[in-house]
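Before any comments, here is the structure.
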Amino acid sequence: MHVGIIGGASTIGSTLAYGLVCDDPHNSVTLFEAALDAAWGHATDLRHASYHLAGGPRSAAEAAPGEVTYAPTEDIGEYDLDAVVVTARVPPSADDTQRGSRGARTRELDANLPLIDGIADSLDAIDPVPTVVVTNPVDRIVYRLWSRLGWPRSKVMGFSLAETARVADAIARRHGVHPTRVSCPTMGEHGERVVPVFSRATVAGEAVPFTPAERDEIVDEVLEIPFEIAEKRGIADSSRWVSGAGLLRVLRGLSSPGATDPLCLSVPLDGEYGFTDACLSVPVTLAEGGIDRTIEWDLDEWESARLREAYDAVREDVRRFED
Ligand SMILES: NC(=O)c1ccc[n+]([C@@H]2O[C@H](COP(=O)([O-])OP(=O)(O)OC[C@H]3O[C@@H](n4cnc5c(N)ncnc54)[C@H](O)[C@@H]3O)[C@@H](O)[C@H]2O)c1
Ligand SMILES: O=C(O)C[C@H](O)C(=O)O
């Protein structure tokens with residue numbers, strides 16, 4: 001597939017680009033950027049990487065590997081893309097002392113809204129393709145992009161799967177199993193009002209109970225961990241590995257011939273769970289071309305109440321910037 005990454009030189013964008021080339025050397029990637037020198041640097045380095053990943057030297061009889069290129073975002077209309085990922089952002093100011101702590105995501109909102117409007121103007125030049133937004137605060141930003149584009153709901157989605165992996169990790173440590181033995185989807189807001197769906201959680205295929213205190217403890221851990229990682233590793237280095245890997249999973253789903261298993265992404269709601277005019281992470285299945293189906297699970301009281309809080313918080317911001 002040919003994936004256009006807007007903000008292709010970003011931490012998350014460049015990591016995803018590498019993941020796409022590793023995953024399948026026939027993938028093509030175009031890095032759309034404002035910082036063209038950085039984009040050139042990543043594209044050139046990735047092209048060199050693809051020599052090894054494609055097992056060069058190859059014979060002329062083998063299918064040619066994909067290309068890694070770069071371009072200004074405004075030129076996106078000249079490219080034939082199968083999917084777009086948006087990771088562009090306005091860099092947080094160096095004197096924002098809170099930029100590496102909880103709440104950092106929503107602090108990006110006012111700066112990123114005009115940036116996203118400019119990206120919507122550039123995307124107007126292409127026919128709708130599946131578009132995955134990573135830019136924070138993702139639920140508000142994906143809503144803004146979707147409302148500016150006027151594309152079908154099935155084409156625009158926000159990425160929040162890092163939290164699913166973090167919840168699995170937190171549960172796995174409590175049960176002494178590998179995280180891949182845990183299933184616990186995460187709905188709601190990406191951030192403070194995330195809703196781990198504990199009522200559907202399984203460990204090694206078996207349902208497990210959680211006390212209210214355990215639920216709160218796991219939520220707290222999941223909210224702290226990206227900022228703890230940033231503090232120890234360096235604030236400029238956002239959660240590149242889990243986000244790059246999760247995005248790869250979404251993109252594989254968007255090129256799969258049949259529908260995927262449900263996974264939670266932030267999508268524009270039109271009555272699902274009783275909510276409209278906002279985006280929240282809810283279970284969807286993906287297929288080639290976009291979202292195949294949005295699913296409504298039965299939630300317990302704690303989950304429903306948290307989902308309502310998430311909706312109220314996102315909706316309040318959407319109302320402020322849309323009205
Ligand atoms: N949803 C999630 O789970 C998740 C996870 C990690 C990070 N994030 C968010 O993703 C975003 C990206 O984070 P990062 O650390 O990778 O960013 P970064 O600061 O490393 O890079 C941002 C990039 O955007 C580019 N840019 C700015 N304007 C542009 C435009 N008009 N067109 C193209 N590129 C443009 C900049 O030149 C820069 O290269 C942030 O908003 C971050 O909070 C979300
Ligand atoms: O890097 C960030 O801004 C946090 C990000 O949303 C994450 O969940 O890793």
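Remember, it's a predicted structure, so these values are computed and weren't measured experimentally. Note that ligands are numbered from 1 as they come in the structure, with each ligand's atoms numbered from 1 the same way.
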Between [Y] and [X], does any NZ, NE, NH1 or NH2 come within less than 4.0 Å of an OD or OE carboxylate oxygen?
X      : Y      : result
Asp300 : Arg215 : yes
Glu322 : Arg144 : yes
Glu316 : Arg320 : no
Glu221 : Arg173 : yes
Glu217 : Arg174 : yes
Glu228 : Arg233 : no

Nitrogen or oxygen of [X] less than 3.5 angstrom from that of ligand 1:
X      : result
Ile6   : no
Ser238 : yes
Val138 : no
Leu115 : no
Ser243 : no

So the atoms of ligand 2 within less than 4.0 Å of a heavy atom of Ser238 turn out to be 1 (O)
So the atoms of ligand 2 within less than 4.0 Å of a heavy atom of Pro226 turn out to be 9 (O)
Given [options], which one has a non-hydrogen atom that is nearest to [atom]?
atom                    : options               : value
atom 12 (C) of ligand 1 : Thr87, Thr135, Asp139 : Thr87
atom 9 (O) of ligand 2  : Ser239, Ser243, Pro92 : Ser239
atom 34 (N) of ligand 1 : Gly7, Gly118, Ala111  : Gly7

Ligand 2 contact on Arg89 by region, counting heavy-atom pairs under 4.0 Å
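Neither; no heavy atom under 4.0 Å.
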Would you kindly specify which portion of Glu163 sits under 4.0 Å from ligand 2, judged on non-hydrogen atoms: side chain, backbone, both or neither?
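For Glu163, there is no contact with ligand 2 at all, from either part.
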Under a 4.5 Å side-chain heavy-atom rule over Ile, Leu, Val, Met, Phe, Trp and Tyr, are Leu161 and Val314 clustered together?
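In one cluster with Leu161: Val314, yes.
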Which heavy atom of the protein is the closest neighbour of [atom], given with residue, atom name and distance?
atom                    : result
atom 21 (O) of ligand 1 : Ser10 CB, 3.0 Å
atom 4 (C) of ligand 1  : Val134 CG1, 3.6 Å
atom 27 (C) of ligand 1 : Arg89 O, 3.4 Å
atom 8 (N) of ligand 1  : Asn136 ND2, 3.4 Å
atom 16 (O) of ligand 1 : Ile12 N, 2.8 Å
atom 2 (C) of ligand 2  : Asn136 ND2, 4.0 Å
atom 37 (O) of ligand 1 : Glu33 OE1, 2.8 Å
atom 1 (N) of ligand 1  : Phe159 O, 2.9 Å

When you look at CD of Glu62, are more than 12 heavy atoms from neighbouring residues, nucleotides or ligands closer to it than 6.0 Å?
yes
For the NE2 atom on His26, are there more than 12 heavy atoms of other groups (residues, nucleotides or ligands in this structure) within a distance under 6.0 Å?
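Yes - once you tally the heavy atoms of other residues, nucleotides and ligands closer than 6.0 Å, there are more than 12.
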Determine whether the side chains of [X] and [Y] contain a donor N or O and an acceptor N or O closer than 3.5 Å.
X      : Y      : result
Ser266 : Asp139 : yes
Glu303 : Ser199 : yes
Ser281 : His190 : no
Thr260 : Thr285 : no

Please work out whether any backbone atom (N, CA, C, O) or any side-chain heavy atom from C-beta onward of Glu108 is under 4.0 Å from ligand 1, and answer side chain, backbone, both or neither.
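Answer for Glu108: side chain.
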Quick one: look at His190 and ligand 1, take heavy-atom pairs under 4.0 Å, and tell me if it's side chain, backbone, both or neither.
side chain
Using a 4.0 Å cut-off to any heavy atom of [X], which atoms of ligand 1 qualify?
X      : value
Ala35  : 37 (O)
Ala88  : 24 (O), 26 (N), 29 (C), 34 (N), 35 (C)
Ser239 : 5 (C), 6 (C)
Thr73  : 30 (C), 32 (N), 33 (C)

Is the Tyr311-Tyr273 ring centre distance short of 6.0 angstrom?
no
So that I know where these two stand, are Trp302 and Phe198 an aromatic pair - ring centroids less than 6.0 Å apart?
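Yes.
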Mind checking whether Arg105 has a heavy atom under 4.0 Å from ligand 1?
no
Residue pair Ser256, Glu288: steps toward the side-chain hydrogen bond (donor to acceptor under 3.5 Å, both in side chains) verdict:
CA-CA 5 Å; Ser256 104; Glu288 192 169 356; over 6 Å; no
